[in-house]
Amino acid sequence: MAVKKKKKSAKDGGNYFVISLEKKKKILGFFLIILSLLSALSILSYSRYDKAILTLEYEDLVKVFSTDPAFAQKVNDTQNWLGIFGSYVSDFLINSTLGYFSLIFSIILFLWGYTIIRNSPYKISVHISNLLLAAGILFASFF
């Protein structure tokens, strides 16, 4: 006798929005590429005049969601292409890590995103990442 399969409904806990592992990997790779491009743009548009804007107090950070015109003018004066967020990212990467050679982090993120999307072997990406990190540290120490 044939056994009837019971259809799963939403009440039974059916998974209607299941994403396969391959799609999750491609989404992760896509986000890594976008993150690398945004960090590269923030580093390339770094301005030391944004340093004064970055000395905001906690009360000022709460004002981000308010309509205070004085604070809006202060935030709009940023020179970074990505605004206040780009100013924070570029300030951290340039002043706290390798300087302008921190662009290597963006290159490495792009490389890993591309590797994940293409489903390539990770061995080559590991070697290239190590080479880029070593080169970045050496060049940053020379300059």
Side-chain angles (χ1 to χ4, degrees), residues 3 5-143:
V3 177
K5 290 186 178 180
K6 183 180 175 184
K7 290 185 179 180
K8 286 189 175 183
S9 66
K11 294 177 186 175
D12 296 337
N15 295 327
Y16 292 108
F17 298 106
V18 175
I19 300 175
S20 69
L21 184 62
E22 287 299 316
K23 287 184 182 179
K24 288 179 185 176
K25 284 183 180 180
K26 290 193 187 282
I27 291 171
L28 175 68
F30 178 73
F31 280 129
L32 284 176
I33 288 175
I34 295 298
L35 182 67
S36 73
L37 293 176
L38 289 176
S39 65
L41 284 175
S42 71
I43 292 169
L44 290 175
S45 64
Y46 172 74
S47 174
R48 64 181 169 181
Y49 297 114
D50 291 341
K51 190 84 167 163
I53 295 171
L54 296 179
T55 59
L56 299 173
E57 299 294 327
Y58 175 73
E59 293 82 19
D60 290 337
L61 291 177
V62 175
K63 291 180 186 176
V64 169
F65 301 107
S66 71
T67 57
D68 184 19
F71 181 74
Q73 182 62 33
K74 193 174 187 180
V75 170
N76 288 336
D77 288 341
T78 59
Q79 303 294 320
N80 199 299
W81 295 339
L82 298 180
I84 194 78
F85 179 72
S87 295
Y88 277 108
V89 170
S90 63
D91 180 60
F92 171 73
L93 289 175
I94 290 177
N95 294 326
S96 299
T97 59
L98 299 177
Y100 283 106
F101 292 104
S102 61
L103 276 171
I104 287 178
F105 297 134
S106 298
I107 295 169
I108 291 172
L109 281 175
F110 187 86
L111 172 73
W112 278 100
Y114 183 75
T115 302
I116 290 172
I117 286 176
R118 297 282 299 175
N119 205 9
S120 302
Y122 297 142
K123 186 176 182 180
I124 296 171
S125 296
V126 169
H127 290 304
I128 293 173
S129 297
N130 288 337
L131 176 72
L132 286 173
L133 278 175
I137 291 170
L138 282 174
F139 284 128
S141 64
F142 285 142
F143 284 95

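The analysis underlying the following values was restricted to heavy atoms, covering all of them including side chains, and did not include hydrogens, waters or symmetry mates.
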- Message: Counting only heavy atoms not in Phe110 (residues, nucleotides, ligands), do more than 12 fall under 6.0 Å from its CZ?
- Response: no
- Determine whether Ile27 and Phe31 make a side-chain contact, defined as any pair of heavy atoms from C-beta on separated by less than 4.5 Å. yes
- Measure the spacing between CD1 of Ile33 and CG of Leu28 and express it to the nearest 0.5 Å. 10.0 Å
- Query: So, the side chain of Asn80 versus the backbone of Ser42: is there a donor-acceptor pair under 3.5 Å, distance only?
  - Reply: yes
- Nearest-0.5 Å distance, OH of residue Tyr49 to OG of residue Ser87: 14.0 Å
- Item | Heavy-atom check, side chain of Val126 versus side chain of Trp112, under 4.5 Å | yes
- Look at the aromatic rings of Phe142 and Phe139 and report parallel, tilted or perpendicular, splitting at 30° and 60°. perpendicular
- Message: Testing the basics here: between Tyr46 and Asp91, what is the closest heavy-atom pair and its distance to 0.1 Å?
- Response: CE1-CA, 4.1 Å
- Item | pair Leu103-Leu93: side-chain heavy atoms closer than 4.5 Å | no
- Query: Nearest heavy-atom pair of Ile116 and Lys25: which atoms, and what distance?
  - Reply: CG2-O, 2.9 Å
- Message: How long is the straight-line distance from OH of Tyr122 back to CG of Asn119, given to the nearest 0.5 Å?
- Response: 6.0 Å
- Query: Can you name the nearest heavy-atom pair linking Asp50 to Gln79, along with the distance?
  - Reply: OD1-N, 2.9 Å
- How close do Ser106 and Ser36 get, heavy atom to heavy atom, and via which atoms? O-CB, 3.1 Å
- Message: With a 4.5 Å cut-off on side-chain heavy atoms, are Tyr100 and Phe143 touching?
- Response: no
- Query: Would you say Leu111 and Ser129 make side-chain contact, with heavy atoms under 4.5 Å?
  - Reply: yes
- Query: Can you tell me how far the CD1 atom of Ile34 sits from the CG atom of Leu109, to the nearest 0.5 Å?
  - Reply: 12.0 Å
- Item | Exceeds 12 heavy-atom contacts within 6.0 angstrom, atom CD1 of Ile124 | no
- Nearest atoms (heavy-atom pairs only) where Ile104 meets Leu133: CG2-N, 4.3 Å
- Message: For the CD1 atom of Ile43 and the CZ atom of Phe105, what is their distance to the nearest 0.5 Å?
- Response: 8.5 Å
- Item | Verdict with supporting geometry, Leu132 and Ile107, side chain to side chain contact (heavy atoms under 4.5 Å, CB included) | CA-CA 9 Å; Leu132 286 173; Ile107 295 169; 3.7 Å; yes
- Any donor and acceptor pair, going by atom type alone, linking the side chain of Ser102 with main-chain N or O of Leu98 inside 3.5 Å? no
